[in-house]
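In what follows, residues are counted from 1 in the order of the sequence shown. All values derive from a computational prediction rather than experimental measurement.
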Amino acid sequence: MSYAVSDEQLNAHFKNALADAEALVKATADLGGEGLAGIRARAEESLRVLKVRAGDAQQAINYRTREAANATDAYVHEKPWEAIGVAAGMGLLIGVLVARR
């Protein structure tokens, strides 16, 4: 299973689905019969592909999130004082930035 779904690919599929949906809406006013059925079929296929791609992207995000959480957990268990120092430094930095506003 491939987890490589780029933002550009997902964005392109989303734009195609939207374009087909818009064409379907426009066509319903003017067309009947075969013309409408063809546009509807294209829109349904685009939406199906979009759902599959969105599901693949969600799986990739879940996988990467679990990997990052596992790596963080291992690091904190191996070097607890360094993790405390990094957390304190980040808290100080965020506090300084918030105080500026």
| Taking atom CD of E78 and atom CG of D73, what is their separation to the nearest 0.5 Å? |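 The distance works out to 10.0 Å.
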
| request: Starting at CG of D56, measure out to CD1 of I61 and round the result to the nearest 0.5 Å. | output: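 It is 11.0 Å, given to the nearest 0.5 Å.
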
| task | Using the test side-chain contact (heavy atoms from CB on, under 4.5 Å), find all partners of Q58 that sit at least two apart in sequence or belong to another chain. | result |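 So Q58 forms a side-chain contact (heavy atoms from CB on, under 4.5 Å) with N62.
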
